[in-house]
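Structure record follows, encoded as C-alpha cells.
Numbered from 1 within each chain, the chains take letters A, B, ... in sequence-line order.
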There are 2 protein chains.
Amino acid sequence: MLTKKSKYAIKALVALARHYETEGPLRIAEIAESEKIPTKFLEAILLELRKHGILGSKKGVNGGYYLLKDPKDVVLSSVIRITGGPIALIPCVSLNFYERCEECTNEVTCALREIALKVRDASLEILSNTSIWDLVQREKKLAKVKIKKSSKK
Amino acid sequence: MLTKKSKYAIKALVALARHYETEGPLRIAEIAESEKIPTKFLEAILLELRKHGILGSKKGVNGGYYLLKDPKDVVLSSVIRITGGPIALIPCVSLNFYERCEECTNEVTCALREIALKVRDASLEILSNTSIWDLVQREKKLAKVKIKKSSKK
DNA sequence: ACAAAGTCTATCAATTTAGTATAGATTGCA
DNA sequence: TGCAATCTATACTAAATTGATAGACTTTGT
C-alpha cells in the first residue's frame with residue numbers, strides 16, 4: 001500500500017511538472033494549498049526529494065521549489081522508494097530494503113520468495129516505466145474525456 | 001508489503017497441504033512449532049481461515065485443523081485478502097477494500113489511479129494463479145536442487 | 001534591516017500490527 | 001460421568017509505523 005507520504009510526493013511533483021519550463025519556483029504553501037497537503041508535512045517531503053537530487057530550491061522572496069530533472073526522467077518507482085520505502089511484498093526480495101527472512105530457515109527453499117520476486121518484478125516493470133510526465137499527460141487526456149462526456153448531456 | 005499474519009497463514013496452509021489426504025488433522029500447537037509461529041497468534045489466523053471456508057476443525061483429542069478445499073484451489077490472493085487486507089497500492093483501486101480517494105477531487109481524472117490499477121492487475125494475475133499446492137511443489141523442487149548442489153562439492 | 005521564503009530538529013498523536021491472557025465450549029475416551 | 005485435550009471467543013497490551021505539528025534558525029532580495 002502506498003503511504004500518504006508517497007502519494008503527496010507524487011502529487012507535488014505533478015504540480016511542479018505542470019510548471020516545468022514555464023515559470024519560476026513554486027512555494028511550498030502554494031503546492032500545499034492546491035494539492036490539499038498539510039504544509040508542514042509537505043515541507044519534509046520536498047526536502048527529502050531535494051536531498052535525492054530530484055528538486056532544487058531557492059530561499060527568500062520569490063523562492064520555492066522546482067524540478068531539477070526533466071519530468072520524463074522522474075519515475076514513480078524512485079519517488080516511492082525515496083518517500084515510502086519498499087515496493088516488494090517481503091523484505092528478502094526487496095532490491096533497496098533487503099533483509100534476510102527471519103522465518104525462512106533456508107532462503108533458497110522459500111517457495112513464497114519466488115512468487116514475491118515475480119510480483120515485485122511485475123510491479124517494478126510498471127512503476128519504473130511511468131514518469132511524472134506520463135501522469136501529467138494522462139491527467140490532460142482524462143480531463144478532455146470528462147469534458148466531452150459532460151457536453152454530450 | 002505482506003503482513004506477518006499473511007505470511008504465517010500461507011506457511012500454515014502449506015504445512016496442512018503437505019498432510020492433505022495422508023493423515024488426520026494437525027494440531028495448532030504442532031503447526032506453530034514446526035513453522036515457528038506464536039501459538040496464540042496462529043490460533044486466531046486458523047480460525048479466520050476456517051470462517052472463510054478454507055479450513056475445517058475438530059475439537060478434543062486427536063482434533064486439529066485440516067484443509068476443506070483442495071490445495072490446488074486455495075490461491076494466494078484469497079489468503080492474503082482474508083488475512084492481510086488489500087493487494088492494491090491505493091484503496092480506490094482495491095477490489096475488496098474499496099474506498100473513495102480523499103485526495104482525488106475527481107476519481108476519473110486521477111492519473112495515479114490508472115497506474116495503480118495496472119499494478120494491481122499485474123500482481124493479482126500472479127497471486128491468483130499461484131496455489132498452496134504450487135508452493136508445496138516448488139518447495140520440493142528447490143529442496144532437490146539444494147541436495148544436488150551440496151553433493152557436487 | 002526586515003520580511004519572505006526554505007531548513008532543521010524534536011516531538012506528539014493516531015493507527016496498525018503483533019502478540020498475550022483468560023475463560024469458555026466441544027469432543028472422545030476411560 | 002468426568003476429565004483431559006483441543007479448538008473458540010473476547011478482551012487487552014505492547015511495539016512499530018505513519019501522519020502531522022511546533023518552533024527556532026538560515027538564507028535571500030529589496
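The NZ atom of A:Lys4 sits 11 Å away from the C1' atom of C:dT15 (whole-angstrom rounding). Going from atom CD1 of B:Ile45 over to atom C1' of D:dC7 covers 15 Å, rounded to whole Å. One interatomic measurement links the two molecules: CE of B:Met1 to C1' of C:dT17, which rounds to 14 Å at whole-angstrom precision. Rounded to an integer number of Å, the gap from NZ of B:Lys59 to C1' of C:dC29 is 18 Å. We find that NZ of A:Lys7 is positioned 15 Å from P of D:dT18, with the value rounded to whole Å. Atoms CG (B:Leu16) and P (D:dC7) sit 11 Å apart, rounded to a whole Å. Summarising the geometry, the separation between NZ on B:Lys36 and P on C:dG19 is reported as 15 Å, rounded to the nearest angstrom. Residue A:Glu48 contributes atom CD, which lies 14 Å from atom C1' of D:dA20 at whole-angstrom precision.
Listed pair B:Lys58 / C:dA25 fails the phosphate criterion, with no side-chain N or O lying under 4.0 Å from OP1 or OP2. Taking only side-chain nitrogens and oxygens, A:Ser57 never comes nearer than 4.0 Å to OP1 or OP2 of C:dA5. Within the structure, a side-chain polar atom (N or O) of B:Tyr8 is placed less than 4.0 Å from OP1 or OP2 of C:dG19. The phosphate of D:dT6 has neither OP1 nor OP2 within less than 4.0 Å of any side-chain N or O from B:Lys40.
Projected onto DNA chain C by closest heavy-atom contact, A:Val61 and A:Lys51 fall at different nucleotides, the more 5' of which corresponds to A:Val61. Place A:Lys5 and B:Ala29 on DNA chain D by their nearest nucleotides, and B:Ala29 ends up nearer the 5' end. Where A:Asn62 and A:Thr39 each meet DNA chain D at their nearest nucleotide, the meeting point lying more 5' is that of A:Thr39. Looking at which nucleotide of DNA chain C each of B:Leu2 and A:Gly64 is closest to, the 5′-most match is held by A:Gly64.
A salt bridge is defined here as a Lys NZ or Arg NE, NH1 or NH2 lying under 4.0 Å from an Asp or Glu carboxylate O, and A:Arg120 with A:Glu114 fails to meet this definition. With respect to the salt-bridge test (charged N to carboxylate O, under 4.0 angstrom), the residues B:Glu43 and B:Lys40 qualify.
Backbone-only engagement by B:Ile28 is indicated by non-hydrogen atom pairs under 4.0 Å involving sugar-phosphate atoms exclusively.
Using a 4.5 Å cut-off between side-chain heavy atoms of Ile, Leu, Val, Met, Phe, Trp and Tyr, with links allowed through other members, B:Leu117 and A:Ile126 fall into the same hydrophobic cluster. Linking ILVMFWY residues whenever their side-chain heavy atoms come closer than 4.5 Å, directly or via other members, leaves B:Leu16 and B:Trp133 in distinct clusters.
Minimum atom distance to the side chain of A:Phe41 is reached by D:dA20, of the listed C:dT7, D:dA20, C:dT17. Side-chain proximity of A:Leu47 to C:dC8, D:dT8, C:dC29: nearest is C:dC8.
With sequence neighbours left out, B:Ser77 forms a side chain to side chain donor-acceptor pair (under 3.5 Å) with no residue at all.
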